[in-house]
Trainee: 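Have a look at the structure that comes next, please.
Every heavy atom of this structure was used, including side-chain atoms; hydrogens, water molecules and symmetry mates were not.
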Amino acid sequence: MSQAFDPREGYDSSGQMIPKAYEAILLASFGGPEGQDDVIPFLRKVTAGRGIPDERLEEVAVHYRKNGGVSPINAQNRALKAALEAELADRGIDLPIYWGNRNWHPFIDDTLKQLAADGHRKVLLMGTGAYSGYSACRQYREDAGMGLVNTGLDGVVEVDKLRQFFDTPAFIAPFVDSLRTSLANVRAQLAEAGKEDGAIKIVFVTHSIPMSDAEAAGPEGIRGEGYENLYTRQHQAVANGILSQVEEAQGLEHSLVYQSRSGAPHVPWLEPDINDALEEDAAAGIAGVVVVPIGFISDHMEVMWDLDTEAKDTCAELGLAFDRVATPGTHPGFISGLVDLVEERLAGPDGKALRPGRASVVEGGPWFDVCRPGCCEKRALDGTLRPTIGAVDSEVGVPAP
């Protein structure tokens, strides 16, 4: 990779940013309700501007209502934050971690205010999406960009972003470990049912998104060249990377399917839905499935409801053995690898990165530190583009003139 850094811009022609003496990390996530009274206000925030009445939101709220009104995502982010803090401390890195959400407390705007009040001026944002795409990457860059504008901190606080990590061993390894365990569980279920020779299928699953978002994923120069879309391609690369490391999976059929579709019925989203695909698998003679949620870093509500409840129930109705692979969560390899990403960007006493090189184990990586113009672009409902950090054309979150 070229080291011809532009001293004014701070990155090279390939999008790798020069190491900096960052003062804090901003862990950015989606957020979720933490009680029954939070559910509808949270869903109003998620769907703001779409004119969806509370009656319709209450239909969606059932997933949260049945879990006491609590989304698991906040507890998971607290656990992730604590694990990252411990790993940083073990490595002797004095870098505090702050946490901010898009849709519920603590909101990113409030977290930015706290960062500034605590005297931090150079901040590294760690998004909780692994892949390229609007919701997984650009929207976090927008959250920070709009937050800086809303709080008047643009020109005061500088915010960069860690690269997407779908391709890293940190993300792949936990799925490899868990896939072995789940395959053994399904084989045991089939043996108990007297179906030792029953066919097993590995079903990789991720969050469905609108086709328009999928087709806009990534920078214009590399998306849509001889394949369906970059979002799907990256997931397929991750699936292949996992399978290549699991001997017990060799020779088994596998597929990539989608879950958690929402929005207007007339708007095309990525398909097939996992439940439709499971019906086809059963009809084709599959006896058991291992579901691998490669679209998620932890057991969000979508994993608990759409997979552990709906997909599991579908398998029970179809007579399919079922096991769901664990998400990375706070797997030691995942935590260690995320801190490796921080060390790629963090300048040591000599001004060089604490960790030279960029670990990447599947096709499509390593991803950019600094996104290309138009990367994953999506306009707001009023037709405007929101301010973003972390791109070559960003006008917010950059060093003051």
Trainee: Report the C-alpha distance between V292 and V205 in whole Å, list the side-chain angles of each, state the deciding distance to 0.1 Å, and finish with yes or no for side-chain contact (heavy atoms from CB on, under 4.5 Å).
Mentor: CA-CA 6 Å; V292 192; V205 60; over 6 Å; no
Trainee: Could K161 and D369 be called an ion pair, given the rule that one side-chain N must be under 4.0 Å from one carboxylate O?
Mentor: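 No, this pair does not count.
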Trainee: Going by heavy atoms in the side chains, are P72 and M304 under 4.5 Å from each other?
Mentor: yes
Trainee: Just do the salt bridge (Lys or Arg N to Asp or Glu O under 4.0 Å) check on R78 and E34 with the steps written out, would you?
Mentor: CA-CA 13 Å; R78 292 186 183 100; E34 299 201 84; 3.0 Å; yes
Trainee: Restricting to non-hydrogen atoms, name the atom on G147 and the atom on T151 that form the minimum distance, rounded to 0.1 Å.
Mentor: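 Minimum heavy-atom separation between G147 and T151: O-OG1, 2.7 Å.
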Trainee: Looking at R345 and M17, would you say the former's side chain and the latter's main chain have a donor-acceptor pair under 3.5 Å?
Mentor: no
Trainee: If you look at every heavy atom in R138 and L385, which pair is closest and at what distance?
Mentor: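 Heavy atoms only, the tightest pair is NH2-CD2, 4.3 Å.
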Trainee: Check this for me: E247, atom CD, are more than 12 non-hydrogen atoms of other residues, nucleotides or ligands nearer than 6.0 Å?
Mentor: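 Incorrect, the count does not exceed 12.
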Trainee: Less than 4.5 Å apart, side chain to side chain, heavy atoms only: is that true for D306 and I274?
Mentor: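 Of all side-chain heavy-atom pairs linking I274 with D306, none is under 4.5 Å.
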Trainee: Is the distance from the ring center of Y64 to that of F42 below 6.0 Å?
Mentor: yes
Trainee: Compare all side-chain heavy atoms of I200 with those of L190 and state whether any distance is below 4.5 angstrom.
Mentor: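 In contact.
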Trainee: Go through it in stages, so that I can follow the logic: the residues are F171 and I297, the test is side-chain contact (heavy atoms from CB on, under 4.5 Å), and I'd like the CA-CA distance, side-chain angles, deciding distance and then a yes or no.
Mentor: CA-CA 8 Å; F171 187 61; I297 70 165; 4.1 Å; yes
Trainee: Might you point out which heavy atoms bring P328 and P174 nearest each other, and give the distance in Å?
Mentor: CA-CB, 3.9 Å
Trainee: For E23 and L95, which heavy atoms make the closest approach, and how far apart are they?
Mentor: C-CD1, 3.5 Å
Trainee: Please check if the number of heavy atoms outside Q36 that lie under 6.0 Å from its CD is greater than 12.
Mentor: yes
Trainee: Is there side-chain contact between F175 and V325, with at least one heavy-atom pair below 4.5 Å?
Mentor: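 Yes - at least one pair of side-chain heavy atoms lies under 4.5 Å apart.
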Trainee: When rounded to the nearest 0.5 angstrom, what is the spacing between CD1 in I335 and CG in D90?
Mentor: 12.0 Å
Trainee: Once rounded to the nearest 0.5 Å, what's the spacing between atom CG of L183 and atom CG of L252?
Mentor: 6.5 Å
Trainee: Is any side-chain heavy atom of S336 less than 4.5 Å from a side-chain heavy atom of R91?
Mentor: yes
Trainee: Has the side chain of S394 got a donor or acceptor atom that lies under 3.5 Å from a matching backbone atom of V396?
Mentor: no
Trainee: Quick one about Q234 and S132 (side-chain donor to acceptor, distance below 3.5 Å, no hydrogens or angles considered), yes or no?
Mentor: yes
Trainee: Once the angle between the rings of H207 and F296 is folded into 0 to 90°, is it parallel (under 30°), tilted (30 to 60°) or perpendicular (over 60°)?
Mentor: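 Tilted, since the angle between the ring planes falls between 30° and 60°.
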Trainee: Taking only residues at least two apart or on different chains, which pairs with a member in residues 307-326 satisfy ring-ring contact (aromatic ring centres under 6.0 Å, His included)?
Mentor: none
Trainee: If you draw a 6.0 Å radius around CG in D37, do more than 12 non-hydrogen atoms from other residues or ligands fall strictly inside?
Mentor: no
Trainee: Name the residue from N275, D276, T309 that meets the side-chain hydrogen bond (donor to acceptor under 3.5 Å, both in side chains) definition with T314.
Mentor: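 Of all the options given, the one that passes is N275.
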Trainee: With heavy-atom distances below 4.5 Å as the criterion, would you say the side chains of P19 and L346 are in contact?
Mentor: no
Trainee: Could E344 and R358 be called an ion pair, given the rule that one side-chain N must be under 4.0 Å from one carboxylate O?
Mentor: yes
Trainee: Can you tell me how far CD1 of I93 sits from CG of L84, rounded to the nearest 0.5 angstrom?
Mentor: 11.0 Å
Trainee: What's the shortest heavy-atom distance between R324 and V303, and which atoms?
Mentor: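 Nearest pair, atom of R324 first, then V303: CZ-CG1, 3.4 Å.
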Trainee: With a 3.5 Å cut-off and no angle check, do the side chains of Y258 and T232 form a donor-acceptor pair?
Mentor: yes
Trainee: How far does CZ of F166 sit from OG of S360, to the nearest 0.5 angstrom?
Mentor: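 So the CZ of F166 and the OG of S360 are separated by 7.0 Å.
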Trainee: Quick one: pull up NE2 in H63 and CG in L43 and give me the separation to the nearest 0.5 Å.
Mentor: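 Answer rounded to 0.5 Å: 10.0 Å.
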Trainee: Is a side-chain donor or acceptor of H300 paired with a backbone partner of E302 at a separation under 3.5 angstrom?
Mentor: no
Trainee: Can we say K20 and E158 salt-bridge, meaning some charged N sits less than 4.0 Å from an Asp/Glu carboxylate O?
Mentor: yes
Trainee: Taking atom CD as the centre, does E192 end up with more than 12 heavy-atom neighbours from other residues, nucleotides or ligands that are less than 6.0 angstrom away?
Mentor: no
Trainee: If the plane angle is over 60° it's perpendicular, under 30° parallel, otherwise tilted; pick one for Y131 and H235.
Mentor: parallel
Trainee: Are the side chains of C371 and C137 in touch, meaning some heavy atoms are under 4.5 Å apart?
Mentor: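 Yes, side chains in contact.
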Trainee: Scan for salt bridge (charged side-chain N to carboxylate O under 4.0 Å, His left out) pairs involving residues 251-265, sequence neighbours excluded, and state none if there are none.
Mentor: K201-E253
Trainee: So, are D167 and R163 salt-bridged, with charged N and O less than 4.0 Å apart?
Mentor: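 Salt bridge present between D167 and R163.
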Trainee: Are D160 and Y22 close enough that a side-chain donor and a side-chain acceptor fall under 3.5 Å?
Mentor: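 Yes, side-chain donor-acceptor contact under 3.5 Å.
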Trainee: Under a 4.0 Å threshold between the charged nitrogen and the carboxylate oxygen, would D54 count as salt-bridged to R44?
Mentor: yes
Trainee: One thing to verify: whether E363 and R233 come together as a salt bridge, which I'm taking to mean a side-chain N less than 4.0 angstrom from a carboxylate O.
Mentor: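 So R233 pairs with E363 through a salt bridge.
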Trainee: What's the verdict on side chain to side chain donor-acceptor pair (under 3.5 Å) for Y134 and E142, showing C-alpha distance, side-chain angles and the deciding distance?
Mentor: CA-CA 10 Å; Y134 177 71; E142 290 179 351; 2.6 Å; yes
Trainee: Can you check side-chain contact (heavy atoms from CB on, under 4.5 Å) on F334 and F165, steps first, answer last?
Mentor: CA-CA 10 Å; F334 183 53; F165 51 83; 3.9 Å; yes
Trainee: If you draw the axis of the six-membered ring of F107, does the NZ or CZ of K113 fall within 45° of it and under 6.0 Å from the ring centre?
Mentor: no
Trainee: Are R187 and E248 within salt-bridge range, i.e. N to O under 4.0 Å?
Mentor: no
Trainee: With R102 as the cation and Y140 as the aromatic partner, state whether NZ or CZ is under 6.0 Å from the six-membered ring centre and within 45° of the axis.
Mentor: yes
Trainee: Taking atom types as modelled, find out whether D299 and T327 have a side-chain donor-acceptor pair closer than 3.5 angstrom.
Mentor: yes
Trainee: Apply the test side-chain contact (heavy atoms from CB on, under 4.5 Å) to residues L112 and L148: give CA-CA distance (whole Å), side-chain angles for both, the deciding distance (0.1 Å), then the verdict.
Mentor: CA-CA 7 Å; L112 287 169; L148 291 170; 4.2 Å; yes
Trainee: Apply the side-chain contact (heavy atoms from CB on, under 4.5 Å) test between S29 and each candidate in I108, D143, L80, N77; give the one that qualifies.
Mentor: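 Of the listed options, the one satisfying the test is N77.
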Trainee: Do V176 and L179 have side chains that get closer than 4.5 Å, going by heavy atoms?
Mentor: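 Not in contact.
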Trainee: Thinking salt bridges, do D323 and K312 make one under a 4.0 Å N-O criterion?
Mentor: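 Answer for the salt bridge query: no.
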Trainee: Please report the shortest heavy-atom distance between G35 and V70, naming the atom on each side.
Mentor: N-CG2, 4.0 Å
Trainee: How far does NZ of K66 sit from CE of M301, to the nearest 0.5 angstrom?
Mentor: 11.5 Å
Trainee: Is a donor on one side and an acceptor on the other found under 3.5 Å between the side chain of S208 and the backbone of S260?
Mentor: no
Trainee: Is it true that the side chains of D110 and Q114 contain a donor and an acceptor less than 3.5 Å apart?
Mentor: no
Trainee: For H120, give me all partners under ring pair (Phe, Tyr, Trp, His ring centres under 6.0 Å), at least two apart in sequence or on another chain.
Mentor: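 Checked H120 against ring pair (Phe, Tyr, Trp, His ring centres under 6.0 Å); matches are Y98.
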